[in-house]
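Just below is one structure, and these are the notes that go with it.
Keep in mind that the numbers below use all heavy atoms, side chains included, and drop hydrogens, waters and symmetry copies.
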Amino acid sequence: CQPHWQGWEREAMLEKALTPTPPCLWQVYGTMMTINRGNPTAQEVLVDSWPEFKVVLTRPRREVASDDSDLFTNTYTVYSRDLGDYQALLASAGAVNWGQSFCILGNLCPKASGRGSQQLNIYVLSGLDPAMRLSSLDVSHADLLNETWSFGGNEKSRKYLATLIRHFPSFCLLDSAGHPVSWIASYPFHALGPGYTLPQHRRHGYMGMLNNLLAKRLHALGYPSYGYVDVENYPMQRLQENCWPRPRAWHQTGLCPIL
């Protein structure tokens with residue numbers, strides 16, 4: 001991704017290129033208008049290429065985004081015509097400050113397709129302790145998952161959880177010592193699976209963030225995004241319902257899948 005905020009001419013050209021503005025462009029287009037009208041919030045723009053571009057990212061300048069815990073200031077907007085290009089942008093060096101609490105707002109808006117716009121990943125690291133680190137689960141964490149999983153506690157369940165960790169997507173938050181404090185794994189049928197937050201780390205939004213990340217990861221890999229939850233685990237049911245705009249649920253014996 002290449003920065004192009006050094007001259008108002010290009011920023012004005014970019015604003016014009018984003019016109020007309022369907023709803024999938026509103027966040028980025030609105031930020032471009034702010035930049036071109038005095039830039040009071042000190043935003044800057046990155047594009048994947050120029051003058052032909054597929055991805056536009058706006059972000060606060062580094063000198064403004066100096067507080068790693070300020071989710072409000074550390075807000076990005078993105079517009080992309082291709083999901084792969086958007087993912088490449090996130091992976092490019094320096095595009096996003098992963099050491100901060102932040103959020104990304106935007107949509108996938110194919111330029112010439114009959115499909116409607118699709119909401120892109122929104123990463124909200126609200127209230128994240130600076131000592132915390134986002135990671136994937138490791139097989140060495142299987143014992144901890146086995147101790148806390150409502151269906152765990154024996155060698156067969158530990159072996160099963162180790163298989164999930166080894167072969168399927170997962171996310172966790174690690175403390176300064178590298179120990180998981182909150183995590184979510186996925187099942188072989190690609191449902192959001194065993195999740196848990198240690199009691200002393202609850203009420204910080206960690207599980208909601210991890211569920212959101214894993215649902216979007218599974219969706220990006222082409223799998224349906226749904227949860228498979230203990231029928232009596234009402235907090236997790238409500239949390240996972242919030243991951244989808246039109247949730248619906250059905251019950252099976254002992255478990256409650258959430259679409």
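- Shown here are the salt bridge (Lys or Arg N to Asp or Glu O under 4.0 Å) partners of R37, two or more places apart in sequence or in another chain: E15.
- Nearest heavy atoms, A42 versus V64: CB-CG2, 3.3 Å.
- In this structure, the side chains of T77 and L57 stay at 4.5 Å or more apart for every pair of heavy atoms.
- The NE2 atom of H201 lies 6.0 Å from the CG atom of D175; values are rounded to the nearest 0.5 Å.
- Contact annotation: the side chain of V181 never approaches that of T197 to less than 4.5 Å [non-hydrogen atoms, C-beta and beyond].
- Both the sub-6.0 Å distance and the 45° axial angle are satisfied by R202 relative to the ring of Y196.
- A 4.5 Å side-chain heavy-atom check between L174 and H141 finds at least one atom pair inside the cut-off.
- Of all non-hydrogen atoms in T34 and P40, the two that sit nearest each other are CG2-CD, 3.7 Å.
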Could you pull out every donor-acceptor pair under 3.5 Å between side chains of residues 160-169 and any protein atom, sequence neighbours left out?
from	atom 1	to	atom 2	distance (Å)
T163	OG1	K159	O	3.1

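- Annotation: the span from T75 atom OG1 to R59 atom CZ amounts to 14.0 Å, rounded to 0.5 Å.
- Between the CZ atom in R133 and the SG atom in C172 there is a gap of 8.0 Å [rounded to 0.5 Å].
- Atom CZ of F151 and atom OG of S157 lie 11.0 Å apart (nearest 0.5 Å).
- The shortest heavy-atom contact between S182 and M207 is OG-CE, 3.7 Å.
- Heavy atoms only, all atoms of each residue included: A65 and N74 are closest at CB-OD1, 3.2 Å.
- I184 pairs in a side chain to side chain contact (heavy atoms under 4.5 Å, CB included) with only one of the listed residues (N212, L214, L137), which is L214.
- Residues S170 and S136 have side chains that never bring a donor and an acceptor to within less than 3.5 angstrom of each other.
- Put simply, the side chain of L134 reaches to within 4.5 Å of the side chain of F171, judged on heavy atoms.
- You'll find the side chain of V28 stays beyond 4.5 Å of the side chain of V45, heavy atoms only.
- To the nearest 0.5 Å, the span separating NZ on K54 from CG on D85 amounts to 5.0 Å.
- From T41, atom OG1 reaches atom CD of Q43 across 4.0 Å, with rounding to the nearest 0.5 Å.
- For the pair N146 and G152, the tightest heavy-atom approach, listed with the atom from each and the gap, is OD1-CA, 3.4 Å.
- Under the side chain to side chain donor-acceptor pair (under 3.5 Å) criterion, E155 pairs with R158, sequence neighbours left out.
- Proximity of W183 to L145: side-chain heavy atoms (C-beta onward) are separated by under 4.5 Å at one or more points.
- Using a 30° and 60° split on the angle between ring planes, F53 and W50 fall in the parallel class, below 30°.
- Contact check for V78 versus V55: side-chain heavy atoms found under the 4.5 Å cut-off.
- Side chains of L173 and M209 form a contact here, defined as non-hydrogen atoms less than 4.5 Å apart.
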